[in-house]
Number of protein chains: 2
Amino acid sequence: MNKPRRADAQQNRERILKIAREALAASPDASLNSIAKAAGVGPGTLYRHFPSREALVLALYRHEIQQLVGLAPALAAQHPPLTALRLWFERLAHYGRIKRGLAHVLHAAMNDGVLRETYGPMVGAIDLLLRACEASGSIRKGVNAEDVLLLMGFLWRIEPGREGEARAKRLLGLVMNGLQSES
Amino acid sequence: MNKPRRADAQQNRERILKIAREALAASPDASLNSIAKAAGVGPGTLYRHFPSREALVLALYRHEIQQLVGLAPALAAQHPPLTALRLWFERLAHYGRIKRGLAHVLHAAMNDGVLRETYGPMVGAIDLLLRACEASGSIRKGVNAEDVLLLMGFLWRIEPGREGEARAKRLLGLVMNGLQSES
DNA sequence: ACCTGAACACCGTTCAAGT
DNA sequence: ACCTGAACACCGTTCAAGT
């Protein structure tokens, strides 16, 4: 995973990530220069590690996305297929609501072959859950995992808070119903 | 609608809109300064007419949104409720795919009371179609129009072209199925 | 009343010079 | 190899001065 680097470079990289996480949580469009400054490095150094804003944000979310992806097989093993799918969506909703950047990152990943490293596993996780549902006859046949991820994009446009939570639940219900066999 | 203005101000406003339409179509994040320059006005003038980028983009889409809103009653009068709903969604998809900015604008409108002038009619149009479906028993009861608009947000994240068209159709099918009575 | 355009603080990005 | 930080072209925004 982590390519070997010179010790100082590795330290800089980690400090940039740490500061960036805090800065972007506080204000989602904090400037890269200001992050570099807060991390105590020159702008060129930040640029060397993360050639674009996207690359930086992606690096931040990579860990959490990996968690999410890893959850899919676990849920599939412990629950009936349709329940597993719903539970995984709810977890996705949780991430969606606290991390707004996710939408933009996933959308970018879709259009950039290099970033499939992140998008691919997400789609894989959904596909796993969908195919299980399909096998048990609890959803209609042939539903595309990429389509479903795109459809779920509403999640990161929902405001946080009580009302948002209720809204996410309602919409999730609509989507789940849509996946089921045609009436 | 149009407040009376001095003739030169009105002309400037219109030329800015015309140039902005072209510039933003060519490159969605053309700078405001460059638009002002292309329109032959000072940056202050552009700023006076449109105090933010959002305000400018919203003004551009207002006309097309009005068209869309006006279409709802017409469709409802000419088709069975469920068909009317689907046709309206397809029209929305068309706008979505050619005009990317729409997503951002509608999202902003949602959070900004002043802009409800645009968001409200959109929701109203959807509500009209939904209620007709509900009355005829072709969808489940109590579906929220704002929820549905949010759910349809995937439309402006779809790439243009043949494949995007097919994708929009598939996803629309999922949504329509989700709206129907619970199995 | 409206427009102009210089000016301000800041942005992303680059790259020669250092270690 | 990697970092620094000055520098570049440009950004959104403001506002005194003009008509």
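Keep in mind the model is a prediction, meaning the values are calculated, not measured. Chain naming here is simple, since letters A, B, ... match the order of the sequence lines and numbering starts at 1 in each.
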Worksheet entry | Results of side chain to side chain contact (heavy atoms under 4.5 Å, CB included) for A:N144 - residues two or more places apart only | A:E146, A:D147, B:R170
Discussion item. Looking at B:L68, is its backbone amide N or carbonyl O close enough to the side chain of B:W88 to form a donor-acceptor pair, meaning the two atoms are under 3.5 Å apart?
Written reply: yes
Worksheet entry | N or O in side chain of A:H49 less than 4.0 angstrom from D:dC3 OP1/OP2 | yes
Worksheet entry | Nucleotide-level pairing of DNA chain C, given in dot-bracket where Watson-Crick and G-U pairs need both distances under 3.5 Å and | marks other strands | ||.|||||...|||||.||
Discussion item. A:R140: which residues meet the side chain to side chain contact (heavy atoms under 4.5 Å, CB included) condition with it, sequence neighbours left out?
Written reply: A:V143, A:E182, B:L174, B:N177
All N/O donor-acceptor pairs, side-chain side in residues 41-52 of chain B, below 3.5 Å, sequence neighbours left out:
{"residue": "B:Y47", "atom": "OH", "partner": "B:P51", "partner atom": "O", "Å": "3.3"}
{"residue": "B:S52", "atom": "OG", "partner": "B:E54", "partner atom": "N", "Å": "3.4"}
{"residue": "B:S52", "atom": "OG", "partner": "B:A55", "partner atom": "N", "Å": "3.1"}

Practice prompt. Could you check which residues of residues 31-42 of chain A get a heavy atom under 4.0 Å from DNA chain D? Sort them by number, please.
Written response: A:G40, A:V41, A:G42
Discussion item. Using the side-chain heavy atoms of A:P43, tell me which of these nucleotides is nearest: D:dA6, D:dC3, C:dC2.
Written reply: D:dA6
Worksheet item: Which pairs with one or both residues in residues 68-86 of chain B pass side chain to side chain donor-acceptor pair (under 3.5 Å), sequence neighbours excluded?
Response: B:R86-B:E90
Item to complete: Could you tell me which residues satisfy salt bridge (Lys or Arg N to Asp or Glu O under 4.0 Å) with B:K18, sequence neighbours excluded, listed by chain and number?
Response: B:E22
Worksheet item: For C:dT14, does either OP1 or OP2 sit under 4.0 Å from a side-chain N or O belonging to A:Y47?
Response: yes
Fill in: Integer-rounded Å distance: D:dT13 P and B:F50 CZ
14 Å
Fill in: By side chain to side chain donor-acceptor pair (under 3.5 Å) - contacts of A:D8 (at least two apart)
A:R6
Between protein and nucleic acid, restricted to nucleotides 16-19 of chain D and to nitrogen or oxygen atoms under 3.5 Å apart, what atom pairs and distances do you find?
none

Worksheet item: Quick one: salt bridge (Lys or Arg N to Asp or Glu O under 4.0 Å) partners of A:R131, sequence neighbours excluded?
Response: A:D127, A:E134
